[in-house]
Amino acid sequence: MLRSHTCGELRLTDAGKSVTLSGWVQISRDFGGLTFVDLRDRYGITQLAFNMSTNAELCEQARKLNREFVVQVSGTVRERENKNPKIPTGDIEIIVDSIKVLNSAKTPPFTIEDETDGGDDLRMKYRYLDIRRAPVRESLLLRHRLAQETRKYLSDQEFIEVETPVLIKSTPEGARDFVVPSRMNAGQFYALPQSPQTFKQLLMVAGMDRYFQIVKCFRDEDLRADRQPEFTQIDCEMSFVERADILDMFEGLVRHLFKTVKGIDIGKLPHMSYADAAKYYGNDKPDTRFEMKFVELNDVVKNKGFKVFDDAELVVGICAKGAASYTRKQLDELTEFVKRPQLGATGLVYARYNADGTIKSSVDKFYNEDELKKWVAAFGAEPGDLMLILAGGIDKTRKALSELRLEMGTQLGLRDKNKFSCLWVIDFPLLEYNEEHNRWFAMHHPFTAPWPEDIAKLSNPAQFGEIRANAYDMVINGVEVGGGSIRIYDKALQAKMFETLGFTAEEAQAQFGFLMNAFEFGAPPHGGIAFGFDRLCSLFGGAESIRDFIAFPKNNSGRDVMIDSPSVIDDKQLKELNIKTTV
RNA sequence: GGAUCGGUAGUUCAGCUGGUUAGAAUAUCGCCCUGUCACGGCGGAGGUCGCGGGUUCGAGUCCCGUCCGGUCCGCCA
């Protein structure tokens, strides 16, 4: 070993020891006759001291060390004259006897410090330098701990980690597939899995009973701060279970993770139906760290001569506690916020319930004090509160108000990243209609079981929208961290499902015959869940973006700016693969 | 596919309704400094204002196009 200790472990009790350390030069502080060098590795920072009057030659050597040089030093641990309480090794320093430069370094393009001066683009290009920074290193360490605790919990619960193939088959449902050409099978392509869904079901048919995998999944869709083209799931499946068993098992997992990694007890998770989530939060992944629930006002506000409300399918609002002091300017900004093209609201009606008990609304022309009192009653508002109301079509209005609610939550400081509010959202619709494609799509995926009492509705297209799925999402702080369902395990029902989704029997057989055939050989009742592991990590780490929890992430355009991929390939390679490009 | 914000020194940014030699901080280099840990002091170097076109006596600034990046909508079973 080129070291006897790491740069993070020496303490006052080690004083007097002869040690050898290796690491990177963080910074040096040169006083002419006295020079300090901070030596850094993964474990911490240790100060090296050089004194011109003790060893002039060595001190001159130390003065030539630049940032990020890799050096090995030997010396003696000594109690510091001036201690630094900010770092764990701050009580000691190393009186160096010898320095060996293991490698020199160019000046890095950004500072290797907690608060770097580098922009995202540059940090990604030099990701290996970025990872030297403590915040990124800590994020990757957090990910490691979560992965280890996940394996520990699931393994203790008799789950077996099984690897499934990465080169699989493209299917028409769901996200766009990444495809891989097959050289040995000219003109044919593998697809990378969007998830190991069918394989884990086949493992249940195979009698594995409890399966999990921390596994890469791939979706060729446009990206966001919390979406990467390749991402990691904690993928799980279990046999001989009902929904309650799955919810228990996996809120147990998340409880274990919070307990062991963050020392937090999240308690028992409440359940909320999809219908309630839509009605009270306008969102299938409600942020329940704060209330501010939707209040529907159709009965209260209609037929008073205000055309906007009278013509609206839905009039719905929220009550922002203590926000009556919002200025006209702030209210105008909120109006602009909901009128953004992405939200598309036509306007925002507000009513201030002032501290003195008076009510001032933006529609006083249509609603007198008595009418506004009814609003106050509907909202349960108290003096000092601000009522914000949107009107229009149901879906669009709920969506816009949901965004407004989150914005108000942020502005009022109700979205503390150190507070965690977890819940299950259950009873999703099985199917949703797609106007563009003119057909029904599975909201979760085509293998999701409907509620038994809703199965009959599969025979009547007029009732397709009413069918409830035996599906569930785990939501934490407004983030969908996981989702799953009880699966169909009957061939006839699965065939019926494909038929409902517009597949001919032949198409269904060609695409998913392997699964339906398997169901003929004794498939057990089963169900499962998959957690978005990257999102879980970012949530635990209190970050918005998942990128710092991935060692080598891709940018918004799906590019890796460090290795510069994707890239064009050689004509010879293309020819071998029987591929011609058109660009 | 669409909306929106940005691109100026190695880096992060400022640069007003167009007007003399494009600034700051930090990093970097040199000199000084024996207890710093955001060390300090003095001095220096560092710019094709993303790219192309246009308007103008004059463009970092205005217009058009384009490329790159961020955020969002669509999309993501």
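Order of the sequence lines fixes the chain letters, A, B, ..., with proteins taken first and strands second; residue numbering starts at 1 for each chain.
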Shortest side-chain distance from [X], nucleotide among [options]:
{"X": "I27(A)", "options": "A27(B), C39(B), G70(B)", "result": "C39(B)"}
{"X": "T111(A)", "options": "A27(B), G2(B), G70(B)", "result": "A27(B)"}
{"X": "R63(A)", "options": "U34(B), A27(B), C33(B)", "result": "C33(B)"}
{"X": "D38(A)", "options": "U71(B), C37(B), C29(B)", "result": "C37(B)"}
{"X": "R227(A)", "options": "A3(B), C29(B), C75(B)", "result": "C75(B)"}
{"X": "L34(A)", "options": "U11(B), C37(B), U34(B)", "result": "U34(B)"}
{"X": "T107(A)", "options": "U36(B), A27(B), G1(B)", "result": "A27(B)"}
{"X": "K399(A)", "options": "C73(B), C76(B), C75(B)", "result": "C73(B)"}
{"X": "N51(A)", "options": "C72(B), U28(B), U34(B)", "result": "U34(B)"}
{"X": "N556(A)", "options": "G1(B), G70(B), G69(B)", "result": "G70(B)"}

Rounded to the nearest angstrom, tell me the gap between atom [atom1] in [X] and atom [atom2] in [N].
{"X": "D117(A)", "N": "A25(B)", "atom1": "CG", "atom2": "C1'", "result": "10 Å"}
{"X": "Q26(A)", "N": "C39(B)", "atom1": "CD", "atom2": "P", "result": "10 Å"}
{"X": "E79(A)", "N": "U36(B)", "atom1": "CD", "atom2": "C1'", "result": "17 Å"}

Practice prompt. Could you pick out which residue, A175(A) or P109(A), lies toward the 5' side of RNA chain B when each is mapped onto its nearest nucleotide?
Written response: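 Here P109(A) is the residue nearer the 5' end.
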Which whole number of Å gives the distance between the [atom1] atom of [N] and that of [M]?
{"N": "G10(B)", "M": "C72(B)", "atom1": "C1'", "result": "32 Å"}
{"N": "G50(B)", "M": "G7(B)", "atom1": "C1'", "result": "6 Å"}
{"N": "G54(B)", "M": "G18(B)", "atom1": "C1'", "result": "15 Å"}
{"N": "U4(B)", "M": "C63(B)", "atom1": "P", "result": "14 Å"}
{"N": "C64(B)", "M": "A45(B)", "atom1": "C1'", "result": "38 Å"}
{"N": "G60(B)", "M": "G23(B)", "atom1": "P", "result": "14 Å"}
{"N": "A24(B)", "M": "G46(B)", "atom1": "C1'", "result": "14 Å"}
{"N": "G44(B)", "M": "A9(B)", "atom1": "C1'", "result": "14 Å"}

Worksheet item: Looking only at side-chain N and O atoms, does K86(A) come under 4.0 Å of OP1 or OP2 in A38(B)?
Response: yes
Worksheet item: Phosphate oxygens OP1/OP2 of C37(B): is one of them under 4.0 Å from a side-chain N or O of R80(A)?
Response: no
Practice prompt. Check whether more than 12 heavy atoms from other residues, nucleotides or ligands sit under 6.0 Å from atom CZ of R80(A), and answer yes or no.
Written response: yes
Discussion item. Tell me whether the count of non-hydrogen atoms from other residues, nucleotides or ligands lying under 6.0 Å of OH in Y489(A) goes above 12.
Written reply: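 No, not enclosed.
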Fill in: Aromatic stack F31(A)/U34(B): centroid gap under 5.5 Å, interplanar angle under 30°
no
Report yes if a donor N or O on one partner sits less than 3.5 Å from an acceptor N or O on the other, where the partners are the side chain of [X] and the base of [N]; otherwise report no.
{"X": "Q47(A)", "N": "U36(B)", "value": "yes"}
{"X": "E221(A)", "N": "C76(B)", "value": "no"}
{"X": "R224(A)", "N": "G74(B)", "value": "yes"}
{"X": "D121(A)", "N": "G70(B)", "value": "no"}

Practice prompt. Return the nucleotide paired to A25(B): Watson-Crick means purine N1 to pyrimidine N3 with N6-O4 or O6-N4, wobble means G-U with N1-O2 and O6-N3, both under 3.5 Å.
Written response: U11(B)
Worksheet item: Could you state the interatomic distance from CE (M562(A)) to CZ (R127(A)), rounded to the nearest 0.5 Å?
Response: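 Rounded to the nearest 0.5 Å, the CE-CZ separation comes out at 9.0 Å.
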Worksheet entry | Mutual orientation of the aromatic rings belonging to Y128(A) and Y126(A) [parallel < 30°, tilted 30-60°, perpendicular > 60°] |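 Rings of Y128(A) and Y126(A): perpendicular, over 60°.
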Item to complete: Say whether D548(A) and S139(A), considering side chains only, have a donor N or O and an acceptor N or O under 3.5 Å apart.
Response: no
Worksheet item: Is there a donor in the side chain of D30(A) and an acceptor in the side chain of T35(A), or the other way round, less than 3.5 Å apart?
Response: yes
Practice prompt. Go through R415(A) and T410(A) one step at a time and tell me if the side chain to side chain donor-acceptor pair (under 3.5 Å) criterion holds.
Written response: CA-CA 6 Å; R415(A) 303 179 75 192; T410(A) 301; 3.1 Å; yes
